[in-house]
Every structure is written in C-alpha cells, then in structure tokens.
Amino acid sequence: PYTKPSRTIPMMLSAGGAKDVVSMANFVKFEFQKATDELRTNLVKDGHFVIQCNHTLGHRMPQALFKPSIEFLFKHVFSKKASPYAKGLDSSFPSYCKIQK
C-alpha cells in the first residue's frame, strides 16, 4: 500500500501497458501498469512532481528512456527547489512521457 513520503520527491515513472505483467510460480501476478498508475495518482495528490512514461513494450525499459532517466536523476538534487522540468520536458524525452497534474 501507498505511504505518503515525509517530503516531496520528484518522480519519473515508467510502465509498459497492459502487457507489463510479471507472473511468478503461476500464482503471483503483478500488474506494473496498474501499480504505476496508482502510485502516480497518490504522488500527484500529495503534491509531488511526476513524469509518467507509458510505453507499450511490456515489462522492459525501452532504450529511448535510458538517456532521459539518467538526466532526470542528475538534475534533481536533494533540495526543495522546483524540478527543472516543471515548465516542460526537453526533446530527450519520448513523446509518451508526460508531466502529470
């Protein structure tokens, strides 16, 4: 279950659509798209800056997300400053990445 973080945290979330599911031992099923959507909803409600990238490739990260993911990590320091992406995403982000509100 979701637990509200003690401070705001910029987040970049990624999920691969309806096929982004992992099953283990034929009885444990984890639906990553559903879980990512629920996490996004809670984070946005709690005032966090969130980018969500919904690709359609199932449970694997597309190569197009490698560069923007690394840049996202390096551009967010442990501070209370606004995200440098608050006014929009740069061209390194694929079109399926959107700022969530």
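Scope of the values below: all heavy atoms of this structure, side chains included, with no hydrogens, waters or symmetry mates.
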Nearest 0.5 angstrom please: [X] [atom1] to [Y] [atom2], how far?
X	Y	atom1	atom2	value
Phe49	Met11	CZ	CE	12.0 Å
Lys4	Lys45	NZ	NZ	8.5 Å
Thr41	Tyr2	OG1	OH	10.5 Å
Leu13	Leu43	CG	CG	6.5 Å

(message) Under a plain distance cut-off of 3.5 Å, with no hydrogens placed, do Glu71 and Ser92 share a side-chain donor-acceptor pair?
(response)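 The answer is yes; a qualifying pair exists.
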(request) Please name the pair of heavy atoms, one in Gly47 and one in Thr8, separated by the smallest distance, quoted to 0.1 Å. (result)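 In terms of heavy atoms, the two residues are closest at O-CG2, 4.0 Å.
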(message) Could you report the tightest heavy-atom contact between Ala15 and Gln33, atom names first, then the distance?
(response)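 Closest approach of Ala15 to Gln33, heavy atoms only: CB-OE1, 3.3 Å.
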(message) With a 4.5 Å cut-off on side-chain heavy-atom distances among I, L, V, M, F, W and Y, is there a chain of contacts connecting Met12 to Phe66?
(response)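 Yes, Met12 and Phe66 fall within the same hydrophobic cluster.
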(request) Group every Ile, Leu, Val, Met, Phe, Trp and Tyr by side-chain heavy-atom contacts under 4.5 Å, then state whether Leu65 and Ile51 land in the same group. (result)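 Yes, one cluster joins them.
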(request) Apply the test side-chain contact (heavy atoms from CB on, under 4.5 Å) to residues Tyr85 and Lys75: give CA-CA distance (whole Å), side-chain angles for both, the deciding distance (0.1 Å), then the verdict. (result) CA-CA 9 Å; Tyr85 300 112; Lys75 287 184 178 182; 3.2 Å; yes
(request) Could you tell me whether Lys67 and Asp90 make a salt bridge, using a distance below 4.0 angstrom between a side-chain N and a carboxylate O? (result)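 Answer for the salt bridge query: no.
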(request) Taking only Lys NZ, Arg NE, NH1 and NH2, and the carboxylate oxygens of Asp or Glu, determine whether Asp37 and Lys34 approach each other closer than 4.0 Å. (result)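 Lys34 and Asp37: not salt-bridged.
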(message) Given 3.5 Å as the limit, does a donor-acceptor pair link the side chain of Gln100 with the main chain of Lys98, or not?
(response)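 Yes, the answer is positive, given that a donor and an acceptor are paired below the 3.5 Å cut-off.
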(message) Donor-acceptor check, side chain of His48 to backbone of Pro10, threshold 3.5 angstrom: yes or no?
(response)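 The answer is no, because no donor-acceptor pair under 3.5 Å joins these two groups.
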Side-chain touch [X]/[Y], heavy atoms, less than 4.5 angstrom:
X	Y	answer
Ile99	Leu89	yes
Phe30	Ser23	no
Asp20	Glu31	no
Met61	Ser69	yes

(message) Determine whether the aromatic ring centres of residues Phe93 and Phe72 are separated by less than 6.0 angstrom.
(response)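 Centroid distance Phe72-Phe93: not below 6.0 Å, so no.
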(request) For atom NZ of Lys19, decide whether the heavy atoms of other residues, nucleotides or ligands shown that lie under 6.0 angstrom number more than 12. (result)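 Open.
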(request) In sequence, state the C-alpha distance, the side-chain angles, and the governing distance for Phe32 and Val22, and then conclude on side-chain contact (heavy atoms from CB on, under 4.5 Å). (result) CA-CA 8 Å; Phe32 282 87; Val22 173; 3.5 Å; yes
(request) Determine which pairs satisfy disulfide bond (SG atoms under 2.5 Å apart) with at least one residue from residues 58-101, sequence neighbours left out, and list them in order. (result)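 Passing the test, one end in residues 58-101: Cys53-Cys97.
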